[in-house]
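This one's a predicted model, so the numbers in the text were calculated from it and none came from an experiment.
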Amino acid sequence: MEKNRVNIRICGNSYTIVTEDDPDYVEELGEYVDKEMKQIGAESPSLSTTQCAVLVALDRADACKKATASADNLRAQIKDYLEDSARARMEVDVARREIERLNREISNLRNKLAGK
C-alpha cells in the first residue's frame, strides 16, 4: 500500500506522519489531539506541553482499554447467544422429528381403525 506523508500541527509544533492511512483521517486525529491538549492546557495553565500530552495519552489509553473490554464483553455475549441459538435449533429438530413420529403413529392407528 502507498505511504502518505501527512503534516499536522499540535500545540504549535509541526509533525510529519508517514502512514498508509487516509491523510484526512490522520489530520482529523491531529486536530483531535491538538484540541484535547489545548483544553487541558486552558484548564491547568501551569502544565507543560509534555504534561498535557501525557494526560491526553492517559485519557485515550483509558478509553481504549475500556472500549476493548466492552468489545470483549460483547463478543462473549454474542458467543453465548450463538450457542443458545444452536441449542434451540437442535431442540426444534428433535421436536419436529417427534411430531413426525407421532403423526405417523396417528396415521397408522387411523388406518387400523378404518380397517376394522
Side-chain angles (χ1 to χ4, degrees):
M1 186 163 209
E2 181 182 335
K3 299 274 185 181
N4 298 307
R5 295 178 65 80
V6 183
N7 294 312
I8 58 174
R9 289 189 65 77
I10 299 174
C11 289
N13 295 309
S14 294
Y15 300 91
T16 300
I17 309 296
V18 179
T19 180
E20 293 179 355
D21 291 326
D22 181 348
D24 291 338
Y25 173 74
V26 176
E27 288 171 4
E28 185 179 319
L29 291 177
E31 289 169 6
Y32 176 81
V33 170
D34 184 58
K35 177 184 163 200
E36 291 293 305
M37 287 184 60
K38 285 179 179 175
Q39 183 178 344
I40 289 173
E43 292 171 3
S44 302
S46 63
L47 295 177
S48 70
T49 302
T50 301
Q51 289 170 320
C52 289
V54 168
L55 291 175
V56 169
L58 282 172
D59 183 57
R60 293 298 83 212
D62 175 54
C64 180
K65 192 165 184 75
K66 287 176 180 173
T68 299
S70 178
D72 290 344
N73 183 39
L74 288 173
R75 280 188 205 92
Q77 286 179 3
I78 289 169
K79 182 181 177 214
D80 289 344
Y81 294 148
L82 290 173
E83 289 170 358
D84 289 347
S85 174
R87 238 184 331 276
R89 272 186 257 134
M90 286 175 40
E91 290 171 5
V92 166
D93 288 343
V94 168
R96 281 188 182 136
R97 285 193 298 273
E98 180 65 9
I99 290 169
E100 289 171 5
R101 186 191 68 75
L102 291 170
N103 281 334
R104 282 192 305 273
E105 187 176 324
I106 290 169
S107 180
N108 289 339
L109 291 171
R110 282 187 179 146
N111 289 339
K112 283 182 185 180
L113 282 174
K116 284 187 177 183

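Put simply, the side chain of Leu55 does not reach to within 4.5 Å of the side chain of Asp59, judged on heavy atoms. The closest side-chain heavy-atom distance from Glu20 to Lys3 is below 4.5 Å.
Residues satisfying the side-chain hydrogen bond (donor to acceptor under 3.5 Å, both in side chains) test with Lys38, not counting sequence neighbours, are Asp34. Residues satisfying the salt bridge (Lys or Arg N to Asp or Glu O under 4.0 Å) test with Glu98, not counting sequence neighbours, are Arg101. Remark: Arg87 engages Asp84 in a salt bridge (Lys or Arg N to Asp or Glu O under 4.0 Å) (not counting sequence neighbours). For Glu91, the salt bridge (Lys or Arg N to Asp or Glu O under 4.0 Å) test picks out no residue, with sequence neighbours left out. Residues satisfying the side-chain contact (heavy atoms from CB on, under 4.5 Å) criterion with Val56, sequence neighbours excluded, are Glu36, Met37, Ile40, Arg60. With sequence neighbours left out, Asn7 forms a side-chain hydrogen bond (donor to acceptor under 3.5 Å, both in side chains) with Thr16. In this structure Asp62 satisfies the side-chain hydrogen bond (donor to acceptor under 3.5 Å, both in side chains) test together with Lys66, sequence neighbours excluded. For Ser14, the side-chain hydrogen bond (donor to acceptor under 3.5 Å, both in side chains) partners are Arg9, not counting sequence neighbours. Residues forming a salt bridge (Lys or Arg N to Asp or Glu O under 4.0 Å) with Arg75 (at least two apart in sequence, or on another chain): Asp72. In this structure, the side-chain contact (heavy atoms from CB on, under 4.5 Å) partners of Asn73, at least two apart in sequence or on a different chain, are Gln77.
Residues Val6 and Glu27 share a closest heavy-atom pair of CG1-CG, 3.7 Å. Looking at every heavy atom in both residues, Ile8 comes nearest to Val26 through CG2-O, 4.0 Å. Considering every non-hydrogen atom in both Gly30 and Ile10, the closest pair reads O-CG1, 3.8 Å.
In this structure, Leu29 CG and Asp24 CG are separated by 11.0 Å, a value rounded to the nearest 0.5 Å. In this structure, CG on Leu74 lies 9.0 Å from OH on Tyr81, to the nearest 0.5 angstrom. Taking CD of Gln39 as the reference point, atom OG of Ser44 lies at 10.5 Å (rounded to 0.5 Å).
For Tyr25, the OH atom is loosely surrounded, since the number of other residues' heavy atoms within 6.0 Å does not exceed 12. Other residues, nucleotides and ligands contribute over 12 non-hydrogen atoms within 6.0 Å of the CD atom of Gln51.
Counting Ile, Leu, Val, Met, Phe, Trp and Tyr side chains that sit under 4.5 Å apart, directly or through other members, Ile106 stands alone, with no cluster partners. Alongside Leu82, the hydrophobic cluster contains Ile78 (criterion: ILVMFWY side chains under 4.5 Å).
Panel note: side chain Asn4, backbone Asp21; a donor-acceptor pair is recorded below 3.5 Å. Put simply, the side chain of Thr68 gets close to the backbone of Cys64: a donor and an acceptor are under 3.5 Å apart.
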